[in-house]
Amino acid sequence: MELLRVQAVAELSATQNDIPEEFIMSKPNRPSSTTFTGPTPDLPVIDLANPDRESVTSAIADASREWGIFQVVNHGVPEELTKKLQLAGNDFFQLPIEEKEAYAANPSSGSLEGYGTQFDKDLEGKKSWVDFLFHIVWPQSRINYKVWPQNPASYRKVNEEYTKCMLPLVDEMFGNLSIGLGLEKGALKEAAGGDEMKYMMKINYYPPCPRPDLALGITPHTDMSTLTIILPDQVPGLQVSKDEHWIDVKYVPNALIVHIGDQIEIMSNGVYKSVLHRTTVNKEKARLSWPLFVEPPEEKEIGPLPQLITGEKPAKYKCKKFKDYQYCKINKLPQ
């Protein structure tokens with residue numbers, strides 16, 4: 001049976017002002033009843049151009065302990081480049097379905113790369129209102145250009161340029177997070193695999209949804225990565241869990257959003273928090289986001305750093321190869 005993409009479901013649903021049952025969240029998870037509407041603190045916004053480097057390090061470490069997520073401005077990625085990246089991604093999702101399907105992901109191959117629809121359901125069997133394009137962008141030896149779109153023609157160039165900007169930014173984040181733990185600057189990056197870490201670009205495409213009060217773009221989860229760096233568009237949708245409330249993340253022009261992922265929570269022995277988040281959808285507009293996931297090599301064993309384990313602070317997590325952690329996470333098995 002041919003898989004129906006969410007983009008096609010959205011086009012059918014728009015004429016009926018309703019959505020299929022499998023996309024309707026249970027009442028405790030519906031955004032209409034669970035989004036907090038009272039006064040809330042804003043997500044930390046950190047200016048990376050601040051000449052007081054100790055202040056920058058402290059702000060990143062504090063946000064990672066308290067929130068597990070923050071926004072950065074003056075991050076060194078040219079605004080013109082981010083606009084080109086967004087245009088190329090949007091152009092891909094406007095292509096005819098037959099052209100997009102030429103890049104379809106094949107889960108049976110063991111690879112998640114390519115064009116697809118969120119296959120995994122939440123524990124209640126509900127589906128997410130999102131299609132995606134997913135592929136490795138670094139290291140060069142791991143790239144499979146067959147799953148990179150040839151149309152639009154600019155796609156490869158802008159993704160390669162954006163990735164070159166991400167490499168030093170990721171290093172900066174790792175360095176500040178390491179120093180924030182009282183460690184050497186390179187400690188976390190080395191423990192996560194160093195220059196062998198894998199960078200994976202994902203474009204999430206959330207079509208307009210006639211019942212945004214009932215559906216979610218992506219159901220609540222934490223990222224299995226070390227770090228995730230997101231380029232958002234101007235359509236709101238990202239929500240984070242803070243003090244048992246679902247809080248909207250405000251759009252900050254030209255900012256990038258940095259998530260702490262599971263592997264940094266593990267390596268920091270729980271000092272830094274992997275942020276629980278979800279996405280809502282919009283009735284009138286499509287929403288896109290560009291998360292870049294930074295992951296350890298599959299065979300790399302990740303556990304709490306020995307420097308952070310003491311008699312008063314024993315290890316909170318098991319040491320485990322990343323591929324084994326990934327398998328348990330995807331299949332919703334205990335770690």
Side-chain angles (χ1 to χ4, degrees), residues 2-14 75 77-106 111-119 128-138 140 142-166 169 199-210 212 215 217-218 228-238 251-257 279-293:
E2 185 178 353
L3 176 68
L4 195 61
R5 301 300 182 190
V6 176
Q7 198 169 359
V9 174
E11 291 170 2
L12 291 171
S13 299
H75 40 66
V77 185
E79 182 182 357
E80 181 182 359
L81 177 57
T82 59
K83 287 181 176 177
K84 287 180 179 178
L85 185 78
Q86 290 172 321
L87 180 62
N90 187 66
D91 284 351
F92 172 77
F93 279 96
Q94 300 314 310
L95 294 175
I97 185 69
E98 303 79 24
E99 194 165 348
K100 293 197 288 282
E101 289 293 348
Y103 303 97
N106 179 12
S111 172
L112 300 175
E113 291 187 90
Y115 165 67
T117 294
Q118 201 78 10
F119 293 111
S128 299
W129 192 264
V130 63
D131 292 329
F132 64 81
L133 181 65
F134 199 35
H135 56 75
I136 296 171
V137 294
W138 194 262
Q140 190 77 32
R142 300 286 302 272
I143 294 175
N144 175 14
Y145 286 114
K146 291 180 181 178
V147 295
W148 289 41
Q150 295 183 26
N151 185 13
S154 63
Y155 188 88
R156 175 170 171 172
K157 182 179 180 181
V158 296
N159 273 267
E160 290 179 337
E161 289 180 4
Y162 184 77
T163 301
K164 287 177 182 177
C165 292
M166 286 293 104
L169 179 60
Y199 292 60
M200 300 191 70
M201 172 63 79
K202 187 180 185 188
I203 309 175
N204 288 316
Y205 181 83
Y206 307 96
C209 178
I218 296 180
T228 304
I229 299 180
I230 301 175
L231 172 66
D233 68 6
Q234 295 185 30
V235 180
L238 178 61
Y251 174 74
V252 175
N254 303 321
L256 295 171
I257 302 168
T279 59
T280 60
V281 289
N282 190 284
K283 186 169 185 175
E284 308 296 336
K285 299 176 181 178
R287 175 176 176 265
L288 289 90
S289 67
W290 286 256
L292 182 82
F293 302 95

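Closest of all the heavy-atom pairs between Ala88 and Ser154 is CB-OG, 3.9 Å. Nearest heavy atoms, Pro208 versus Lys283: CB-O, 3.6 Å. Closest approach of Met201 and Asn159 over heavy atoms only: CG-OD1, 3.8 Å.
Distance SG/Cys165 to CG/Leu256: 10.0 Å, rounded to 0.5 Å. Considering CZ of Phe134 and CG of Asn204, their distance stands at 9.0 Å, rounded to 0.5 Å. To the nearest 0.5 Å, atom CG of residue Leu231 and atom CG of residue Leu292 are 10.5 Å apart. Atom-to-atom distance recorded for Tyr205:OH and Leu288:CG is 6.5 Å, nearest 0.5 angstrom. How far CG of Leu238 is from CD1 of Ile230: 5.5 Å, rounded to the nearest 0.5 Å. In this structure, CG on Leu169 lies 12.0 Å from OG1 on Thr163, to the nearest 0.5 angstrom.
Checking side-chain atoms of Glu161 against main-chain N and O of Leu81 turns up no donor-acceptor pair under 3.5 Å. Under the 3.5 Å distance criterion, the side-chain polar atoms of Trp129 are matched with a main-chain donor or acceptor of Pro207. Remark: the backbone N or O of Ile218 is paired with a side-chain donor or acceptor of Thr279 at under 3.5 angstrom. In this structure a side-chain-to-backbone donor-acceptor pair under 3.5 Å is missing from Lys202 to Trp290. At least one donor-acceptor pair under 3.5 Å links the side chain of Glu113 to the backbone N or O of Ile136. Tyr162 contributes no side-chain N or O that, together with a main-chain N or O of Val77, makes up a donor-acceptor pair within less than 3.5 Å.
Partners of Asp131 according to the side chain to side chain donor-acceptor pair (under 3.5 Å) rule, which considers only residues two or more places apart in sequence or in another chain, are Thr117. Contacts of Lys83 classified as side chain to side chain donor-acceptor pair (under 3.5 Å), with partners at least two apart in sequence or in another chain: Glu79. Every side chain to side chain contact (heavy atoms under 4.5 Å, CB included) that Ala104 has, sequence neighbours left out, goes to Arg5, Glu101. Partners of Asp91 under the side chain to side chain donor-acceptor pair (under 3.5 Å) rule, at least two apart in sequence or in another chain, do not exist in this structure. Taking the side chain to side chain contact (heavy atoms under 4.5 Å, CB included) definition, one finds that Thr280 meets it with Pro31, Leu216, Gln239, sequence neighbours left out. Every residue meeting the side chain to side chain donor-acceptor pair (under 3.5 Å) condition with Gln140, not counting sequence neighbours, appears here in chain and number order: Tyr145.
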Discussion item. Evaluate Ile229 against Ile257 for side-chain contact (heavy atoms from CB on, under 4.5 Å), listing each step before the verdict.
Written reply: CA-CA 6 Å; Ile229 299 180; Ile257 302 168; over 6 Å; no
Fill in: Val137/Glu160 under side-chain contact (heavy atoms from CB on, under 4.5 Å): CA gap, chis, key distance, verdict
CA-CA 7 Å; Val137 294; Glu160 290 179 337; over 6 Å; no
Item to complete: Could you check Val235 against Tyr251 for side-chain contact (heavy atoms from CB on, under 4.5 Å), going step by step and ending with a plain yes or no?
Response: CA-CA 8 Å; Val235 180; Tyr251 174 74; over 6 Å; no
Worksheet item: Step by step, would you call Phe132 with Ser289 a side-chain contact (heavy atoms from CB on, under 4.5 Å)?
Response: CA-CA 10 Å; Phe132 64 81; Ser289 67; over 6 Å; no
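Around the NZ atom of Lys100, the shell of radius 6.0 Å holds more than 12 heavy atoms that belong to other residues, nucleotides or ligands. Atom CD of Glu99 is surrounded by more than 12 heavy atoms from other residues, nucleotides or ligands within 6.0 Å.
Phe92 is not listed as a side-chain neighbour of Ile203, based on a closest heavy-atom distance of 4.5 Å or more. With a 4.5 Å cut-off on side-chain heavy atoms, Asn282 and Tyr206 do not count as touching.
Aromatic rings of His135 and Tyr155 (six-membered ring for Trp) have centroids within the 6.0 Å cut-off, being under it.
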